[in-house]
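We're numbering straight along the sequence, starting at 1.
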Amino acid sequence: MNKMDNRSILAIVFCVIFYLGYSQWLAKKYPKQPTAVTPVGEQQQGGEHPNASSANTASPAPAPASASATPGAAEPVRLSPADLKLESDLVSYQFSQESGSLTALQLLKYKAENTATSGPTELLDGPLSLQAIIGDKPAAPFTGLFFAERHDRTLKFWRDQGDFRLTQEFHIPEVGFGADLKVSFTNISNKPVELTGGLLLVESIKPKKSTQILGIIPGASRQRDQIMYRADGSTEWLDIEKFCSNDKDPAKLDGVPINFVGVDRHYFVSVVEPKAKNGNLRMDHGHSDAESCQIQIVNSDRQGVVKPGDTVTLDFATYSGPKDLPIMEAHNPELGTAMHLGIFSFIARPLLSVIEGFQQVTHNYGVAIILLTICLKVLFFPLMKASSTSMHRMKKLNPQMQLIRDKYKDDKAKQQQELMKFMSSHKINPMKGCLPVLPQIPVFFAFYQVLQNSIQLRHAPFAMWIHDLSAMDPYFVTPLLMGVAMFMQQKLTPTTGMDKTQEKILMFMPIMFTVMMLTLPAGLTLYMLTNTLIGIVQQKWLYRRLEKLEPNPV
């Protein structure tokens, strides 16, 4: 028994000696990392050290997850994908701890495609980085594992760079398309440091190609992603494909009020709004190829000298949602300018309001477009009447005018002079024939902008085969019917005074318009078809009435 006890004791002693020796060997081979020290100034400000436990935070809600894990942690601890996902009732945000960026930004109430099985609209082509940056020049985003922690609806990322701790903190409210972003710079050195810093926005975008023929319309926006910013009271757009093919110096704006900057995605926008408004804006591009282009945007300003332990915080708001005027203007009155309605926006806005009013009654945007077209035809009827009256009288007087042409066929100047004298004596103005057309040109362009840009008409059905008024008619029925109707209307229009060549050119117009309308939104061709049919009815009624009121001149 004693022998067994002695052997047991010796074995225990041997194990203890082996353990102590092995521990010392491990300590020499894998030395412990030094623990970061919280600056005194930061503690006085209630600042939070990135390695502090969640129990020391000012948030009343417990932290579901923290990448700082325990005090003195040398490396970030990874959060789970669930902890890196935040949602409001309308938007889902998925973050990445590797780059402190957004990897998914989905609009939950808007389908990506006009199908029953379609998922929500994804606004991002690639990761979107929103990072604190030191300096004022566009640059590639920092990539590496951030420290991170989640507190209820707030997600915080931070890292150290030189003399500063750089932090970006996202807060997602329960409702709406907006979010709050804070970027901060804490001096972690023991000396005062001058700081120029701000926010870096980096995103890789796949430029969309436009197939719309009416891209030639003045001020018309096409279905292409664009960089959009509002600075110094003016909203500007930069086509991303053209922007990325430009190797010149980056676009610069210095010392001007900056309201927002971001990406216009045709029916949707994602923008960042500096609360301070002032500062500098730099826009450049990084790697670009045939598939994608990396845009780099910096909003920065000189922050002055930051004392040891002090923190400079910059506040931003974001909006990621539809280009819906009431929603955007409720979020930020200036954001309504992101609705790009072209040079005829003063006409387009009322048209959109009237369409929405009719839709609330009819519950069908196609019917609303038809009712609006009828209202416009009634509004322009006095011009239509004046034009038809003038053209009808010219038709009746054409035999006498033809005699004048024959009489002075060898003297064109004299011929025109006598014709003008004849028309003046009979109170005929050939320009009146153009009166109904001229006001409809800006209305047509404004209507085009409304139908191309209004989120209300996206995926809005009309009837039968037309399931999306913002897309072209899939079977080309409405543009072909419009072409036939235009041809009939052209036949009704007198061609008094025109030679055979001019008549042929005029008769070719319906064909040209039909081809042009093939790829335009079904809502626009519906407007043109309705407008032409009502015009035919008006012309027939007016000509019959004029035949009774104005007999053939003597």
Side-chain angles (χ1 to χ4, degrees), residues 93 95-96 98-105 123-144 146 157 159 161-162 164 166-168 170 179 181-183 185 195-208 224-231 235-256 258-265 269-274 276 278-303 314 316-320 338:
Y93 305 81
F95 292 87
S96 166
E98 277 75 10
S99 57
S101 63
L102 277 164
T103 56
L105 183 56
L123 292 189
L124 303 182
D125 293 332
L128 168 62
S129 297
L130 295 169
Q131 297 183 0
I133 185 175
I134 295 176
D136 61 356
K137 296 181 180 180
F142 171 82
T143 55
F146 279 74
F157 299 96
R159 65 186 178 89
Q161 179 180 332
F164 288 94
L166 279 59
T167 304
Q168 51 258 15
F170 301 87
L181 168 63
K182 290 185 178 182
V183 298
F185 307 84
L195 171 66
T196 295
L199 177 68
L200 171 68
L201 185 157
V202 177
E203 181 181 359
S204 291
I205 297 178
K206 299 176 182 178
K208 296 179 179 63
R224 297 166 67 95
D225 291 332
Q226 302 175 86
I227 298 173
M228 176 184 63
Y229 62 91
R230 182 167 180 81
T235 305
E236 303 292 340
W237 286 263
L238 301 174
D239 184 87
I240 288 180
E241 187 175 26
K242 294 180 180 178
F243 179 79
C244 291
S245 63
N246 184 3
D247 294 327
K248 297 180 181 178
D249 294 335
K252 301 178 182 180
L253 292 171
D254 293 324
V256 297
I258 299 168
N259 195 275
F260 59 77
V261 61
V263 179
D264 181 345
R265 306 173 194 275
V269 293
S270 53
V271 298
V272 175
E273 309 158 71
N278 60 328
N280 304 318
L281 193 63
R282 298 286 189 275
M283 293 170 285
D284 202 354
H285 63 85
H287 172 74
S288 61
D289 51 36
E291 296 296 327
S292 65
C293 169
Q294 185 189 72
I295 62 168
Q296 302 170 345
I297 301 173
V298 172
N299 173 221
S300 65
D301 201 5
R302 183 180 179 277
Q303 308 300 334
L314 305 176
F316 298 85
T318 71
Y319 175 88
S320 303

Flag side-chain contact, heavy atom, 4.5 Å: F243 against M283: yes
Just do the salt bridge (charged side-chain N to carboxylate O under 4.0 Å, His left out) check on D254 and R282 with the steps written out, would you? CA-CA 9 Å; D254 293 324; R282 298 286 189 275; 2.5 Å; yes
Taking Q303 for the side chain and D301 for the main chain, is one N or O donor matched with an acceptor at less than 3.5 Å? yes
Look at the side chain of N259 and the backbone N and O of A231, then say whether any donor-acceptor pair between them is shorter than 3.5 Å. no
Can you name the nearest heavy-atom pair linking Q131 to F146, along with the distance? NE2-CZ, 4.1 Å
State the CZ-OG1 distance between F185 and T167, to the nearest 0.5 angstrom. 9.0 Å
Measure the OG1-CG distance between T196 and D136 for me, rounded to the nearest 0.5 Å. 6.5 Å
Report yes if some heavy atom in the side chain of L128 is under 4.5 Å from a heavy atom in the side chain of S101; otherwise report no. no
Please step through side-chain contact (heavy atoms from CB on, under 4.5 Å) for the pair T318 and V271, ending with a clear verdict. CA-CA 6 Å; T318 71; V271 298; over 6 Å; no
Minimum heavy-atom separation for A338 and V269, please, with both atom names. CB-CG1, 4.5 Å
Can a donor-acceptor pair be found, under 3.5 Å and without considering hydrogens, that links the side chain of N299 to the backbone of N280? yes
Under 4.5 Å between any side-chain heavy atoms of L201 and V272, yes or no? yes
Minimum side-chain heavy-atom gap Q161-I134 below 4.5 Å: yes
Rounded to the nearest 0.5 angstrom, the CG-OG distance for L124 and S320 is 8.0 Å
Can you find a pair of side-chain heavy atoms, one from W237 and one from D264, that are under 4.5 Å apart? yes
Side chains of F142 and R159: does their closest heavy-atom pair fall under 4.5 Å? yes
So how far is it from T235 OG1 to Y229 OH, rounded to the nearest 0.5 Å? 10.0 Å
Under 3.5 Å donor-acceptor, Q168 side chain and A132 backbone: yes
For the residue pair P141 and L200, what are the closest heavy atoms and their distance? CA-CD2, 3.9 Å
To the nearest 0.5 Å, tell me how far S204 OG sits from K206 NZ. 10.0 Å
Might you work through the side-chain contact (heavy atoms from CB on, under 4.5 Å) test for F170 and L102, ending with a clear yes or no? CA-CA 11 Å; F170 301 87; L102 277 164; 5.6 Å; no
Could you give me the CA-CA distance, side-chain angles and deciding distance for E203 and V263, then say whether side-chain contact (heavy atoms from CB on, under 4.5 Å) is met? CA-CA 10 Å; E203 181 181 359; V263 179; 4.0 Å; yes
Is the shortest distance from a Lys or Arg side-chain nitrogen in D125 or R265 to a carboxylate oxygen in the other one below 4.0 Å? no
Rounded to the nearest 0.5 Å, how far apart are OG of S300 and CD1 of I133? 8.0 Å
Would you name the heavy atoms of A140 and Q296 that are closest together and state the gap between them? N-NE2, 3.9 Å
Taking the side chain as every heavy atom from C-beta outward, state whether L199 and L314 have any atom pair closer than 4.5 Å. no
Compare all side-chain heavy atoms of L281 with those of I297 and state whether any distance is below 4.5 angstrom. yes
Kindly assign one of parallel, tilted or perpendicular to the pair F95 and F157, based on the angle between their ring planes and the thresholds 30° and 60°. tilted
